[in-house]
Amino acid sequence: MLTKRAVATTGTTSGAAAAPAAAPPRPGPPAAPAGSPWPAGALRTAADIVVGGVGLADLAVQYHPPLYVLDEAEVRARCRSYRRALPGAEVVYAAKALLCGALVEWVEQEGLGLDVCSGGELEHAVTCGFPPERIVMHGNAKSPEELASAVRLGVGRIVVDSFPEIARLAALADPERPQQVLVRVVPGVSAGHHAAVRTGVEEQKFGFSMASGDAADAVARVLNQPRLRLAGLHCHLGSQITETAPYLLAVDRLVPLLAEIRDRHGVEPPELDLGGGHGVPYRPGDPAFDLRWFAAQVTDRLADQCVRHGLRVPRLLVEPGRAIVGPAGVAVYRVLAVKHTLSGRTFVAVDGGMSDNPRPALYDAGYTAALIGRPAEGPLTDACVVGRHCEAGDVLVPQVELPADVRPGDLLAVPVAGAYHLSMASGYNLVGRPPLVAVRDGAARLLLRRETLDDFRRRDVGR
Ligand code: LLP
(Lines give C-alpha, C1' and ligand atoms only; values in the text may rest on other atoms or scores of the structure.)
Protein backbone atom coordinates (compact mmCIF):
# COMPACT_ATOMS: atom_id res chain seq x y z
CA MET A 1 0.00 0.00 0.00
CA LEU A 2 1.22 3.50 -0.75
CA THR A 3 1.94 5.60 2.29
CA LYS A 4 1.14 9.17 1.40
CA ARG A 5 2.64 12.00 3.38
CA ALA A 6 3.41 15.59 2.62
CA VAL A 7 6.98 16.02 1.45
CA ALA A 8 7.24 19.18 3.51
CA THR A 9 8.73 18.02 6.78
CA THR A 10 9.40 21.30 8.52
CA GLY A 11 8.09 24.84 8.44
CA THR A 12 5.25 26.16 6.42
CA THR A 13 2.85 24.13 4.37
CA SER A 14 1.12 27.17 2.91
CA GLY A 15 1.76 28.14 -0.66
CA ALA A 16 3.33 31.39 0.45
CA ALA A 17 6.88 32.40 1.04
CA ALA A 18 7.08 30.99 4.56
CA ALA A 19 4.80 32.93 6.86
CA PRO A 20 4.14 32.20 10.53
CA ALA A 21 0.64 31.40 11.76
CA ALA A 22 0.38 34.38 14.13
CA ALA A 23 -0.75 37.69 12.67
CA PRO A 24 1.63 40.67 12.73
CA PRO A 25 2.60 42.89 14.41
CA ARG A 26 4.70 40.82 16.74
CA PRO A 27 7.36 41.81 19.27
CA GLY A 28 11.00 41.32 18.25
CA PRO A 29 12.49 40.17 14.96
CA PRO A 30 11.78 36.45 14.65
CA ALA A 31 14.37 33.92 13.73
CA ALA A 32 13.84 33.27 10.03
CA PRO A 33 11.44 30.30 9.94
CA ALA A 34 12.90 27.09 8.63
CA GLY A 35 11.18 25.84 5.53
CA SER A 36 10.67 22.91 3.24
CA PRO A 37 12.06 23.17 -0.27
CA TRP A 38 9.22 21.15 -1.86
CA PRO A 39 6.03 22.67 -3.29
CA ALA A 40 3.49 23.06 -0.47
CA GLY A 41 1.10 20.50 -1.91
CA ALA A 42 3.75 17.90 -2.77
CA LEU A 43 3.15 14.40 -1.44
CA ARG A 44 5.65 11.62 -0.86
CA THR A 45 4.35 8.19 -1.84
CA ALA A 46 6.27 4.95 -1.40
CA ALA A 47 7.95 5.31 -4.76
CA ASP A 48 7.33 8.83 -5.99
CA ILE A 49 6.72 12.48 -5.22
CA VAL A 50 3.39 13.80 -6.42
CA VAL A 51 3.27 17.48 -7.46
CA GLY A 52 0.09 19.15 -8.66
CA GLY A 53 -1.59 15.75 -8.45
CA VAL A 54 0.87 14.15 -10.87
CA GLY A 55 3.69 11.75 -10.01
CA LEU A 56 7.12 13.01 -11.04
CA ALA A 57 8.19 9.51 -12.09
CA ASP A 58 5.11 9.30 -14.33
CA LEU A 59 6.09 12.62 -15.88
CA ALA A 60 9.57 11.23 -16.51
CA VAL A 61 7.98 8.37 -18.49
CA GLN A 62 5.87 10.77 -20.51
CA TYR A 63 8.31 13.63 -21.11
CA HIS A 64 11.72 12.02 -20.49
CA PRO A 65 14.41 13.41 -18.22
CA PRO A 66 16.03 15.80 -17.82
CA LEU A 67 12.84 17.74 -17.37
CA TYR A 68 11.46 20.64 -15.37
CA VAL A 69 8.07 20.55 -13.67
CA LEU A 70 6.20 23.68 -12.59
CA ASP A 71 3.33 23.55 -10.09
CA GLU A 72 0.77 26.10 -11.28
CA ALA A 73 -1.14 26.16 -7.98
CA GLU A 74 2.07 26.90 -6.09
CA VAL A 75 2.91 29.83 -8.36
CA ARG A 76 -0.59 31.25 -8.04
CA ALA A 77 -0.64 30.74 -4.25
CA ARG A 78 2.63 32.60 -3.96
CA CYS A 79 1.31 35.50 -6.06
CA ARG A 80 -1.77 35.63 -3.84
CA SER A 81 0.19 35.54 -0.63
CA TYR A 82 2.14 38.61 -1.80
CA ARG A 83 -1.03 40.48 -2.65
CA ARG A 84 -2.55 39.54 0.70
CA ALA A 85 0.53 40.50 2.68
CA LEU A 86 0.97 43.82 0.86
CA PRO A 87 -2.53 44.93 -0.15
CA GLY A 88 -1.53 48.55 -0.76
CA ALA A 89 1.62 47.73 -2.69
CA GLU A 90 2.27 46.86 -6.29
CA VAL A 91 3.79 43.38 -6.57
CA VAL A 92 5.89 43.03 -9.69
CA TYR A 93 7.10 39.56 -10.71
CA ALA A 94 10.73 39.57 -11.86
CA ALA A 95 10.57 37.71 -15.16
CA LYS A 96 14.31 37.06 -15.19
CA ALA A 97 13.66 34.20 -12.76
CA LEU A 98 11.56 32.37 -15.38
CA LEU A 99 9.55 33.57 -18.33
CA CYS A 100 7.11 31.79 -20.62
CA GLY A 101 3.65 32.45 -21.97
CA ALA A 102 1.80 30.47 -19.32
CA LEU A 103 3.62 32.19 -16.48
CA VAL A 104 2.91 35.60 -17.99
CA GLU A 105 -0.77 34.64 -18.06
CA TRP A 106 -0.86 33.37 -14.44
CA VAL A 107 0.96 36.43 -13.12
CA GLU A 108 -1.34 38.74 -15.05
CA GLN A 109 -4.45 36.94 -13.80
CA GLU A 110 -3.18 37.10 -10.22
CA GLY A 111 -2.90 40.90 -10.51
CA LEU A 112 0.88 41.26 -10.40
CA GLY A 113 3.01 43.56 -12.50
CA LEU A 114 6.00 42.32 -14.49
CA ASP A 115 9.66 43.32 -14.24
CA VAL A 116 11.61 42.82 -17.45
CA CYS A 117 15.27 43.60 -18.07
CA SER A 118 15.75 43.23 -21.80
CA GLY A 119 14.02 43.90 -25.07
CA GLY A 120 13.57 40.14 -25.40
CA GLU A 121 11.75 39.75 -22.09
CA LEU A 122 9.70 42.86 -22.86
CA GLU A 123 8.62 41.87 -26.37
CA HIS A 124 7.89 38.29 -25.33
CA ALA A 125 5.76 39.34 -22.37
CA VAL A 126 3.79 41.85 -24.44
CA THR A 127 3.24 39.46 -27.33
CA CYS A 128 2.03 36.90 -24.76
CA GLY A 129 -0.59 39.45 -23.78
CA PHE A 130 0.83 41.14 -20.69
CA PRO A 131 -0.44 44.74 -20.39
CA PRO A 132 2.56 47.04 -21.05
CA GLU A 133 1.36 49.61 -18.53
CA ARG A 134 1.94 47.04 -15.76
CA ILE A 135 5.53 46.43 -16.85
CA VAL A 136 8.62 47.85 -15.14
CA MET A 137 11.67 47.90 -17.43
CA HIS A 138 15.12 47.43 -15.89
CA GLY A 139 18.68 47.15 -17.12
CA ASN A 140 22.01 48.82 -16.45
CA ALA A 141 22.77 48.98 -20.16
CA LYS A 142 19.61 49.19 -22.21
CA SER A 143 20.27 49.74 -25.88
CA PRO A 144 18.66 52.67 -27.71
CA GLU A 145 16.54 50.09 -29.57
CA GLU A 146 15.33 48.56 -26.31
CA LEU A 147 14.44 51.98 -24.94
CA ALA A 148 12.63 52.81 -28.16
CA SER A 149 10.53 49.65 -28.01
CA ALA A 150 9.75 50.26 -24.34
CA VAL A 151 8.46 53.73 -25.22
CA ARG A 152 6.64 52.47 -28.31
CA LEU A 153 4.92 49.69 -26.38
CA GLY A 154 3.91 52.06 -23.58
CA VAL A 155 5.79 50.42 -20.70
CA GLY A 156 4.47 51.68 -17.35
CA ARG A 157 7.81 52.64 -15.83
CA ILE A 158 11.37 52.59 -17.00
CA VAL A 159 14.04 52.36 -14.30
CA VAL A 160 16.88 54.65 -15.34
CA ASP A 161 20.34 53.44 -14.41
CA SER A 162 22.87 55.77 -16.08
CA PHE A 163 23.23 59.43 -17.09
CA PRO A 164 23.37 58.78 -20.86
CA GLU A 165 20.21 56.73 -20.58
CA ILE A 166 18.30 59.66 -19.12
CA ALA A 167 19.18 61.84 -22.10
CA ARG A 168 18.47 59.03 -24.59
CA LEU A 169 15.11 58.24 -23.06
CA ALA A 170 14.12 61.89 -22.99
CA ALA A 171 14.89 62.13 -26.69
CA LEU A 172 12.80 59.05 -27.46
CA ALA A 173 9.80 59.77 -25.25
CA ASP A 174 6.58 61.11 -26.67
CA PRO A 175 6.03 64.78 -25.69
CA GLU A 176 2.29 64.09 -25.56
CA ARG A 177 2.75 61.16 -23.18
CA PRO A 178 5.67 61.73 -20.77
CA GLN A 179 7.44 58.53 -19.74
CA GLN A 180 7.21 57.55 -16.07
CA VAL A 181 10.64 56.72 -14.69
CA LEU A 182 12.09 55.39 -11.48
CA VAL A 183 15.67 56.33 -10.60
CA ARG A 184 17.68 53.33 -9.43
CA VAL A 185 19.84 54.30 -6.48
CA VAL A 186 22.55 52.54 -4.50
CA PRO A 187 21.63 52.81 -0.84
CA GLY A 188 24.85 51.28 0.48
CA VAL A 189 23.16 48.22 1.99
CA SER A 190 24.89 44.86 1.67
CA ALA A 191 22.63 41.81 1.39
CA GLY A 192 22.35 38.67 -0.72
CA HIS A 193 23.66 35.13 -0.90
CA HIS A 194 26.73 35.80 -3.02
CA ALA A 195 28.92 38.77 -3.98
CA ALA A 196 27.80 38.33 -7.60
CA VAL A 197 24.23 39.31 -6.71
CA ARG A 198 24.83 42.04 -4.09
CA THR A 199 23.67 45.17 -5.83
CA GLY A 200 22.86 47.51 -2.95
CA VAL A 201 26.49 48.44 -2.36
CA GLU A 202 29.04 50.80 -3.91
CA GLU A 203 31.63 49.52 -6.39
CA GLN A 204 29.28 47.49 -8.58
CA LYS A 205 27.66 48.33 -11.90
CA PHE A 206 24.03 49.07 -10.97
CA GLY A 207 22.36 52.31 -10.03
CA PHE A 208 23.33 55.83 -9.01
CA SER A 209 25.37 56.18 -5.84
CA MET A 210 23.65 58.09 -3.07
CA ALA A 211 26.98 58.56 -1.30
CA SER A 212 28.62 60.30 -4.27
CA GLY A 213 25.67 62.56 -4.99
CA ASP A 214 25.00 60.89 -8.36
CA ALA A 215 21.52 59.80 -7.24
CA ALA A 216 20.49 63.38 -6.44
CA ASP A 217 22.04 64.52 -9.73
CA ALA A 218 20.13 61.85 -11.70
CA VAL A 219 16.88 62.95 -10.08
CA ALA A 220 17.58 66.57 -11.03
CA ARG A 221 18.28 65.56 -14.63
CA VAL A 222 15.04 63.57 -14.86
CA LEU A 223 13.09 66.48 -13.45
CA ASN A 224 14.68 68.77 -16.05
CA GLN A 225 13.34 66.67 -18.90
CA PRO A 226 9.79 67.68 -19.87
CA ARG A 227 9.20 64.29 -21.56
CA LEU A 228 10.02 62.37 -18.38
CA ARG A 229 8.04 62.10 -15.14
CA LEU A 230 9.75 61.10 -11.92
CA ALA A 231 7.56 58.29 -10.53
CA GLY A 232 9.97 57.57 -7.70
CA LEU A 233 13.10 55.86 -6.46
CA HIS A 234 14.15 52.24 -6.92
CA CYS A 235 16.72 50.02 -5.28
CA HIS A 236 17.44 46.32 -5.50
CA LEU A 237 19.67 45.11 -2.70
CA GLY A 238 20.52 41.61 -3.83
CA SER A 239 19.09 38.14 -4.10
CA GLN A 240 18.24 35.23 -1.77
CA ILE A 241 17.91 37.54 1.24
CA THR A 242 16.11 35.92 4.18
CA GLU A 243 16.14 38.88 6.61
CA THR A 244 13.94 41.98 6.72
CA ALA A 245 16.57 44.23 8.33
CA PRO A 246 18.37 45.16 5.06
CA TYR A 247 15.09 46.40 3.58
CA LEU A 248 14.40 48.52 6.65
CA LEU A 249 17.83 50.06 6.32
CA ALA A 250 17.09 50.80 2.67
CA VAL A 251 13.86 52.57 3.69
CA ASP A 252 15.83 54.54 6.29
CA ARG A 253 18.19 55.70 3.55
CA LEU A 254 15.73 56.30 0.71
CA VAL A 255 13.09 58.31 2.57
CA PRO A 256 15.57 61.10 3.44
CA LEU A 257 16.42 61.27 -0.27
CA LEU A 258 12.71 61.68 -1.06
CA ALA A 259 12.63 64.52 1.49
CA GLU A 260 15.69 66.09 -0.13
CA ILE A 261 13.96 65.93 -3.53
CA ARG A 262 10.92 67.64 -2.04
CA ASP A 263 13.07 70.35 -0.42
CA ARG A 264 15.18 70.97 -3.51
CA HIS A 265 12.63 70.58 -6.29
CA GLY A 266 9.23 70.92 -4.65
CA VAL A 267 7.98 67.50 -5.83
CA GLU A 268 7.07 64.38 -3.88
CA PRO A 269 7.57 61.31 -6.07
CA PRO A 270 4.62 58.97 -5.50
CA GLU A 271 6.44 55.59 -5.59
CA LEU A 272 9.17 53.71 -3.78
CA ASP A 273 10.36 50.42 -5.28
CA LEU A 274 12.38 48.21 -2.95
CA GLY A 275 13.22 45.63 -5.61
CA GLY A 276 13.18 41.90 -5.02
CA GLY A 277 15.58 39.42 -3.48
CA HIS A 278 13.28 37.54 -1.10
CA GLY A 279 14.93 34.22 -0.29
CA VAL A 280 13.57 30.69 -0.23
CA PRO A 281 14.83 27.51 1.49
CA TYR A 282 16.78 25.27 -0.88
CA ARG A 283 17.38 22.47 1.61
CA PRO A 284 15.25 21.19 4.48
CA GLY A 285 15.69 23.50 7.44
CA ASP A 286 17.19 26.40 5.46
CA PRO A 287 15.97 29.79 6.66
CA ALA A 288 12.95 31.18 4.82
CA PHE A 289 11.99 34.78 4.13
CA ASP A 290 9.14 35.76 6.43
CA LEU A 291 6.83 37.62 4.06
CA ARG A 292 4.27 38.75 6.63
CA TRP A 293 6.96 40.03 8.96
CA PHE A 294 8.60 41.84 6.04
CA ALA A 295 5.29 43.37 4.98
CA ALA A 296 4.39 44.58 8.47
CA GLN A 297 7.84 45.92 9.27
CA VAL A 298 8.51 47.65 5.97
CA THR A 299 5.06 49.23 5.86
CA ASP A 300 5.47 50.54 9.44
CA ARG A 301 8.97 51.78 8.87
CA LEU A 302 7.99 53.59 5.69
CA ALA A 303 5.06 55.28 7.42
CA ASP A 304 7.24 56.30 10.41
CA GLN A 305 10.00 57.70 8.25
CA CYS A 306 7.52 59.64 6.14
CA VAL A 307 5.92 61.18 9.24
CA ARG A 308 9.40 62.12 10.46
CA HIS A 309 10.20 63.86 7.20
CA GLY A 310 6.75 65.34 6.62
CA LEU A 311 6.18 63.34 3.43
CA ARG A 312 3.13 61.65 1.99
CA VAL A 313 3.68 57.89 2.13
CA PRO A 314 4.71 56.74 -1.35
CA ARG A 315 3.20 53.63 -2.89
CA LEU A 316 5.43 50.64 -2.28
CA LEU A 317 6.57 48.34 -5.08
CA VAL A 318 8.29 45.00 -4.58
CA GLU A 319 9.78 42.77 -7.27
CA PRO A 320 10.00 39.14 -6.13
CA GLY A 321 11.22 36.64 -8.71
CA ARG A 322 12.60 33.57 -6.96
CA ALA A 323 9.98 33.70 -4.18
CA ILE A 324 7.20 33.40 -6.78
CA VAL A 325 8.53 30.58 -8.97
CA GLY A 326 11.56 29.00 -7.29
CA PRO A 327 9.79 26.54 -4.97
CA ALA A 328 7.14 25.78 -7.60
CA GLY A 329 9.71 24.07 -9.82
CA VAL A 330 11.24 20.60 -9.58
CA ALA A 331 13.96 19.23 -11.87
CA VAL A 332 13.87 15.53 -12.72
CA TYR A 333 17.06 13.77 -13.83
CA ARG A 334 18.00 10.24 -14.81
CA VAL A 335 21.08 8.70 -13.18
CA LEU A 336 23.55 7.61 -15.85
CA ALA A 337 26.58 6.55 -13.83
CA VAL A 338 27.66 5.99 -10.22
CA LYS A 339 31.30 6.06 -9.13
CA HIS A 340 33.00 5.50 -5.81
CA THR A 341 36.32 7.25 -5.29
CA LEU A 342 39.37 5.97 -3.43
CA SER A 343 38.47 8.04 -0.39
CA GLY A 344 34.96 6.58 -0.37
CA ARG A 345 33.00 9.44 -1.98
CA THR A 346 30.03 8.52 -4.16
CA PHE A 347 29.50 10.49 -7.37
CA VAL A 348 26.08 10.14 -8.94
CA ALA A 349 26.13 11.44 -12.51
CA VAL A 350 22.87 12.51 -14.13
CA ASP A 351 21.73 13.49 -17.62
CA GLY A 352 21.59 17.25 -16.92
CA GLY A 353 24.01 19.58 -15.24
CA MET A 354 25.46 23.05 -15.41
CA SER A 355 23.75 23.72 -18.75
CA ASP A 356 20.32 23.57 -17.10
CA ASN A 357 21.40 24.70 -13.61
CA PRO A 358 24.54 26.82 -13.47
CA ARG A 359 23.80 28.06 -9.92
CA PRO A 360 26.04 25.68 -7.97
CA ALA A 361 28.96 26.43 -10.30
CA LEU A 362 28.34 30.18 -10.24
CA TYR A 363 27.37 30.78 -6.63
CA ASP A 364 28.20 27.60 -4.73
CA ALA A 365 24.45 27.22 -4.32
CA GLY A 366 23.28 24.29 -2.21
CA TYR A 367 20.45 21.92 -3.15
CA THR A 368 18.90 18.68 -2.04
CA ALA A 369 17.74 15.70 -4.14
CA ALA A 370 15.41 12.76 -3.62
CA LEU A 371 15.27 9.36 -5.28
CA ILE A 372 11.95 8.76 -7.07
CA GLY A 373 10.59 5.98 -9.25
CA ARG A 374 11.17 3.15 -6.77
CA PRO A 375 10.99 2.81 -3.00
CA ALA A 376 14.05 4.26 -1.28
CA GLU A 377 14.89 1.49 1.14
CA GLY A 378 17.99 0.32 2.95
CA PRO A 379 20.99 2.27 4.16
CA LEU A 380 21.82 5.76 2.98
CA THR A 381 25.07 7.11 1.67
CA ASP A 382 26.49 10.62 1.31
CA ALA A 383 26.46 11.37 -2.38
CA CYS A 384 27.57 14.17 -4.66
CA VAL A 385 25.23 14.60 -7.63
CA VAL A 386 27.16 15.74 -10.67
CA GLY A 387 26.16 16.66 -14.20
CA ARG A 388 27.17 15.31 -17.59
CA HIS A 389 29.25 18.26 -18.78
CA CYS A 390 32.95 18.38 -19.47
CA GLU A 391 34.06 20.09 -16.26
CA ALA A 392 34.85 18.71 -12.83
CA GLY A 393 33.01 21.74 -11.45
CA ASP A 394 29.77 20.55 -13.02
CA VAL A 395 28.17 19.69 -9.70
CA LEU A 396 24.41 19.87 -9.08
CA VAL A 397 24.13 18.81 -5.43
CA PRO A 398 27.43 18.81 -3.57
CA GLN A 399 26.24 16.70 -0.68
CA VAL A 400 23.01 14.77 -0.15
CA GLU A 401 22.00 11.50 1.48
CA LEU A 402 20.73 9.01 -1.10
CA PRO A 403 20.01 5.28 -0.88
CA ALA A 404 23.34 3.46 -0.95
CA ASP A 405 22.11 1.30 -3.83
CA VAL A 406 21.50 4.31 -6.11
CA ARG A 407 22.22 3.09 -9.62
CA PRO A 408 22.01 3.94 -13.32
CA GLY A 409 18.40 4.21 -14.45
CA ASP A 410 17.24 5.73 -11.17
CA LEU A 411 15.43 9.06 -11.17
CA LEU A 412 16.34 12.02 -8.95
CA ALA A 413 14.11 15.00 -8.19
CA VAL A 414 15.72 18.32 -7.28
CA PRO A 415 13.38 20.91 -5.73
CA VAL A 416 13.48 24.73 -5.95
CA ALA A 417 14.26 24.51 -9.63
CA GLY A 418 11.72 27.10 -10.79
CA ALA A 419 13.93 30.19 -10.62
CA TYR A 420 17.19 30.92 -12.43
CA HIS A 421 17.61 27.44 -13.89
CA LEU A 422 15.88 27.44 -17.27
CA SER A 423 16.22 31.22 -17.52
CA MET A 424 20.01 30.84 -17.17
CA ALA A 425 20.29 27.58 -19.09
CA SER A 426 22.88 27.43 -21.87
CA GLY A 427 23.67 25.45 -24.96
CA TYR A 428 26.89 24.04 -23.48
CA ASN A 429 27.99 20.76 -25.08
CA LEU A 430 24.90 20.88 -27.32
CA VAL A 431 22.94 18.96 -24.72
CA GLY A 432 19.81 21.05 -25.32
CA ARG A 433 17.72 22.85 -22.76
CA PRO A 434 15.15 20.64 -21.00
CA PRO A 435 11.40 21.04 -21.42
CA LEU A 436 9.12 22.72 -18.88
CA VAL A 437 5.91 20.91 -17.96
CA ALA A 438 3.11 22.50 -15.94
CA VAL A 439 1.11 20.39 -13.51
CA ARG A 440 -2.31 21.24 -12.11
CA ASP A 441 -5.16 19.20 -10.65
CA GLY A 442 -3.70 15.89 -11.74
CA ALA A 443 -2.98 16.94 -15.33
CA ALA A 444 0.24 17.90 -17.07
CA ARG A 445 0.88 20.05 -20.12
CA LEU A 446 4.00 21.09 -21.95
CA LEU A 447 4.93 24.78 -21.60
CA LEU A 448 8.38 24.84 -23.18
CA ARG A 449 9.51 22.01 -25.44
CA ARG A 450 12.97 20.48 -25.26
CA GLU A 451 15.66 22.19 -27.30
CA THR A 452 16.84 19.84 -30.00
CA LEU A 453 19.82 19.43 -32.26
CA ASP A 454 17.62 20.85 -35.01
CA ASP A 455 17.41 24.13 -33.11
CA PHE A 456 21.19 24.33 -33.07
CA ARG A 457 21.46 23.32 -36.70
CA ARG A 458 19.07 26.06 -37.75
CA ARG A 459 21.36 28.67 -36.21
CA ASP A 460 24.44 27.17 -37.79
CA VAL A 461 24.14 29.08 -41.07
CA GLY A 462 27.74 29.45 -42.30
CA ARG A 463 29.98 27.19 -44.37
N1 LLP B 1 14.46 43.31 -9.31
C2 LLP B 1 15.67 43.54 -9.86
C3 LLP B 1 16.00 44.87 -10.31
C4 LLP B 1 16.58 42.48 -10.01
O5 LLP B 1 17.77 42.71 -10.56
C6 LLP B 1 16.22 41.19 -9.58
C7 LLP B 1 17.14 40.08 -9.71
C8 LLP B 1 14.95 41.00 -9.01
C9 LLP B 1 14.10 42.09 -8.88
C10 LLP B 1 14.45 39.66 -8.55
O11 LLP B 1 15.27 39.10 -7.59
P12 LLP B 1 14.79 37.77 -6.82
O13 LLP B 1 13.54 38.12 -6.05
O14 LLP B 1 14.50 36.76 -7.83
O15 LLP B 1 15.95 37.43 -5.97
N16 LLP B 1 20.89 34.35 -10.83
C17 LLP B 1 20.95 34.67 -9.43
C18 LLP B 1 19.98 35.76 -9.05
C19 LLP B 1 20.18 37.00 -9.85
C20 LLP B 1 19.16 38.04 -9.51
C21 LLP B 1 19.26 39.19 -10.44
N22 LLP B 1 18.32 40.22 -10.19
C23 LLP B 1 20.67 33.40 -8.62
O24 LLP B 1 20.35 32.39 -9.21
O25 LLP B 1 20.80 33.43 -7.42
Side-chain angles (χ1 to χ4, degrees), residues 17 75 78-79 81-82 86 89-99 103 107 112-118 121-122 135-142 157-161 181-187 189 191-201 204-208 232-244 246-247 250 271-282 286 288-289 291 294 316-329 331 354 356-367 396 414 416-426:
V75 172
R78 285 176 171 272
C79 293
S81 69
Y82 266 92
L86 289 157
E90 201 163 323
V91 182
V92 180
Y93 166 64
K96 54 188 73 82
L98 181 67
L99 179 63
L103 198 46
V107 162
L112 272 59
L114 198 72
D115 145 2
V116 300
C117 67
S118 71
E121 288 182 357
L122 171 63
I135 293 182
V136 178
M137 171 94 173
H138 284 282
N140 69 303
K142 306 174 200 76
R157 298 145 184 107
I158 297 178
V159 182
V160 291
D161 199 308
V181 305
L182 295 162
V183 173
R184 177 159 179 169
V185 306
V186 180
V189 177
H193 72 103
H194 189 277
V197 300
R198 279 181 216 130
T199 52
V201 287
Q204 52 76 45
K205 68 176 184 172
F206 291 100
F208 295 97
L233 300 178
H234 173 280
C235 74
H236 173 72
L237 303 180
S239 210
Q240 185 58 10
I241 301 166
T242 50
E243 302 296 324
T244 289
Y247 295 97
E271 296 179 344
L272 184 68
D273 187 336
L274 291 181
H278 310 165
V280 299
Y282 276 84
D286 275 357
F289 183 75
L291 175 58
F294 166 88
L316 192 66
L317 282 83
V318 290
E319 302 172 339
R322 186 190 322 264
I324 299 287
V325 291
M354 65 196 301
D356 63 86
N357 180 11
R359 300 193 66 258
L362 283 175
Y363 319 118
D364 267 333
Y367 282 87
L396 283 173
V414 174
V416 202
Y420 304 112
H421 286 211
L422 286 181
S423 67
M424 295 176 75
S426 73

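Because the structure is a prediction, the values reported are computed rather than measured. Read the numbers this way: they start at 1 and go in the same order the structure lists the ligands and their atoms.
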State which residues pass ring-ring contact (aromatic ring centres under 6.0 Å, His included) with Phe206; sequence neighbours excluded, sorted by chain then number.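 Phe206: no ring-ring contact (aromatic ring centres under 6.0 Å, His included) contacts found.
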Specify whether His421 and Tyr367 have parallel, tilted or perpendicular ring planes, treating 30° as the upper limit for parallel and 60° as the lower limit for perpendicular. perpendicular
Mind checking whether His193 and Tyr363 have parallel, tilted or perpendicular rings, split at 30° and 60°? perpendicular
Can you sort out which atoms of ligand 1 are near [X], meaning under 4.0 Å from one of its heavy atoms?
X: Arg184; answer: 3 (C)
X: Gly321; answer: 12 (P), 13 (O), 14 (O)
X: Asp115; answer: 1 (N), 2 (C), 9 (C)
X: Pro320; answer: 13 (O)
X: Met424; answer: 16 (N)
X: Glu319; answer: 1 (N), 2 (C), 3 (C), 8 (C), 9 (C), 10 (C), 13 (O)
X: Ala94; answer: 8 (C), 9 (C), 10 (C)

Main-chain N/O of Val160 paired with Lys142 side-chain donor or acceptor, under 3.5 Å: no
Atom [atom1] of [X] and atom [atom2] of [Y]: how far apart are they, to the nearest 0.5 Å?
X: Arg184; Y: Asp161; atom1: CZ; atom2: CG; answer: 5.5 Å
X: Glu319; Y: Leu112; atom1: CD; atom2: CG; answer: 11.5 Å
X: Ile135; Y: Asp115; atom1: CD1; atom2: CG; answer: 10.0 Å
X: Leu98; Y: Tyr93; atom1: CG; atom2: OH; answer: 5.0 Å

What residue and heavy atom of the protein are closest to atom 19 (C) of ligand 1, and at what distance?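 The protein heavy atom lying closest is Val197 CG1, 3.8 Å.
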Which protein heavy atom lies closest to atom 16 (N) of ligand 1, and at what distance to 0.1 Å? Tyr363 OH, 2.8 Å
Tell me the nearest of Lys96, His193, Arg359 to atom 2 (C) of ligand 1, using heavy-atom distances.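 Going through Lys96, His193, Arg359 one by one, Lys96 has the nearest heavy atom to atom 2 (C) of ligand 1.
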Should one rank Ser239, Pro358, Ala323 by closest heavy-atom distance to atom 15 (O) of ligand 1, which comes out on top? Ser239
What part of His421, side chain, backbone, both or neither, has a heavy atom within less than 4.0 angstrom of ligand 1? neither
Counting only nitrogen or oxygen atoms and a 3.5 angstrom limit, does His138 reach ligand 1?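 It does not: no N or O of His138 is found under 3.5 Å from an N or O of ligand 1.
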Consider every N or O of Gly277 and every N or O of ligand 1, then say whether any pair is closer than 3.5 Å. yes
Could you walk me through whether His236 and His138 pass ring pair (Phe, Tyr, Trp, His ring centres under 6.0 Å), step by step? CA-CA 11 Å; His236 173 72; His138 284 282; 7.9 Å; no
